[in-house]
Amino acid sequence: MEDLVPSLRSVPDTNELPLDVETAKQAADGALDLRLGTTTRQEIDEWTTQLRGRIVLFAEEILGQEQTPATRAARWEIDQLLASAPQDTVLVFSAYQHLRDLARMLRRLITEYRDRTAAADASPLPGRPSPGPLPDNSGRCLPEHTAVPAEGGT
């Protein structure tokens, strides 16, 4: 029986790749730095395999937890991109464009991953108020280190 999802045949085992933001960013940047006229089809295919594995890894980490309409839409978009991998018989240009699409998707996933981890690191401990601006007597908020003037004083 033929593989029903041919685009996943070349995806490396995600356990082999670390969830390393900097390495993934360098891979995406490296793929986008390739030039069509000086890159062979074999190089494009190697980069494609690497990026596909990293996309799967980041997508599982980011989209695997919560199921919202936005995450379902993102998952669908990623699945469509992975399923649209060009076959060996297509022109080099099509494979090159697909590689660039993968690199841009990986950049989006890296940004989302950084945003989520930064938000998780910035959130206060449960039950503890987070420091923030102090309200003055008029109900407006003052910057954190601005002294609140005493009433009646100047």
Side-chain angles (χ1 to χ4, degrees), residues 1-135 139-141 143-144:
M1 181 175 174
E2 191 173 316
D3 190 1
L4 296 177
V5 186
S7 63
L8 298 180
R9 282 184 286 186
S10 61
V11 176
D13 183 11
T14 56
N15 294 328
E16 297 173 9
L17 298 172
L19 186 64
D20 181 4
V21 174
E22 286 307 312
T23 304
K25 182 182 178 317
Q26 289 172 357
D29 292 345
L32 289 170
D33 286 342
L34 296 175
R35 297 292 164 236
L36 182 59
T38 59
T39 307
T40 66
R41 175 64 190 258
Q42 182 180 354
E43 290 173 313
I44 291 171
D45 291 343
E46 289 170 3
W47 279 95
T48 298
T49 301
Q50 183 185 145
L51 293 187
R52 290 168 59 80
R54 293 191 186 283
I55 286 171
V56 169
L57 187 67
F58 275 88
E60 287 174 356
E61 180 68 26
I62 296 168
L63 305 174
Q65 295 154 0
E66 59 185 85
Q67 288 297 314
T68 64
T71 58
R72 283 191 295 273
R75 171 61 74 185
W76 181 85
E77 186 177 355
I78 291 167
D79 289 345
Q80 293 299 308
L81 180 60
L82 293 176
S84 69
Q87 300 300 317
D88 293 337
T89 57
V90 302
L91 297 174
V92 174
F93 178 76
S94 296
Y96 176 77
Q97 283 304 114
H98 182 71
L99 174 64
R100 294 182 61 80
D101 291 342
L102 290 170
R104 286 189 290 271
M105 176 59 73
L106 182 56
R107 279 184 167 179
R108 285 177 47 197
L109 290 170
I110 290 168
T111 300
E112 179 68 24
Y113 179 78
R114 282 182 173 165
D115 291 348
R116 287 184 184 217
T117 55
D121 292 343
S123 65
L125 296 174
R128 298 185 76 183
S130 62
L134 302 170
R140 296 175 297 159
C141 288
E144 287 185 39

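Both backbone and side-chain heavy atoms feed into the values below; hydrogens, waters and symmetry mates do not. Along the sequence shown, the residues carry numbers beginning at 1.
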Open item on the list: The test is side chain to side chain contact (heavy atoms under 4.5 Å, CB included); show your working for Glu60 and Val56 and say whether it passes.
Closed with: CA-CA 6 Å; Glu60 287 174 356; Val56 169; 3.5 Å; yes
What residues, two or more places apart in sequence or in another chain, satisfy side-chain contact (heavy atoms from CB on, under 4.5 Å) together with [X]?
X      : result
Asp101 : Leu81, Arg104
Thr38  : Arg35
Asp45  : Arg41
Leu36  : Val92, Phe93, Tyr96

Task: By salt bridge (Lys or Arg N to Asp or Glu O under 4.0 Å) - contacts of Glu46 (at least two apart) - done: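 Partners of Glu46 by the salt bridge (Lys or Arg N to Asp or Glu O under 4.0 Å) criterion come out as none, since no residue qualifies.
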TODO: Under the salt bridge (Lys or Arg N to Asp or Glu O under 4.0 Å) rule, collect the residues that match up with Arg75, sequence neighbours excluded.
DONE: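 So Arg75 forms no salt bridge (Lys or Arg N to Asp or Glu O under 4.0 Å) with any residue.
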[X] versus [Y]: any side-chain heavy-atom pair under 4.5 Å?
X      : Y      : answer
Leu32  : Arg107 : yes
Val21  : Thr117 : no
Leu99  : Thr39  : no
Tyr113 : Leu19  : yes

Find the distance between [atom1] ([X]) and [atom2] ([Y]) and round it off to the nearest 0.5 Å.
X      : Y      : atom1 : atom2 : result
Arg108 : Glu77  : CZ    : CD    : 4.0 Å
Thr111 : Leu106 : OG1   : CG    : 9.5 Å
Ile55  : Leu102 : CD1   : CG    : 4.5 Å
Ile110 : Asp20  : CD1   : CG    : 9.5 Å

Open item on the list: Give me the atom names and distance for the closest heavy-atom approach of Pro86 to Ser94.
Closed with: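 Nearest pair, atom of Pro86 first, then Ser94: CG-O, 4.1 Å.
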- [ ] Give the minimum heavy-atom separation between Ala31 and Trp47, together with the two atoms involved.
- [x]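 Where Ala31 meets Trp47 most closely, the heavy atoms are N-CZ3, 3.5 Å.
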- [ ] Please determine if Arg116 and Glu112 form a salt bridge, counting it only when a charged side-chain N lies under 4.0 Å from a carboxylate O.
- [x]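 Looking at Glu112 together with Arg116, the answer is yes, because their closest N to O distance falls below 4.0 Å.
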Task: side chain to side chain contact (heavy atoms under 4.5 Å, CB included) evaluation trace for Leu109 with Arg54 - done: CA-CA 10 Å; Leu109 290 170; Arg54 293 191 186 283; over 6 Å; no
TODO: Check the surroundings of atom CD in Gln42: do more than 12 heavy atoms from other residues, nucleotides or ligands lie under 6.0 Å from it?
DONE: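 Count not over threshold, so no.
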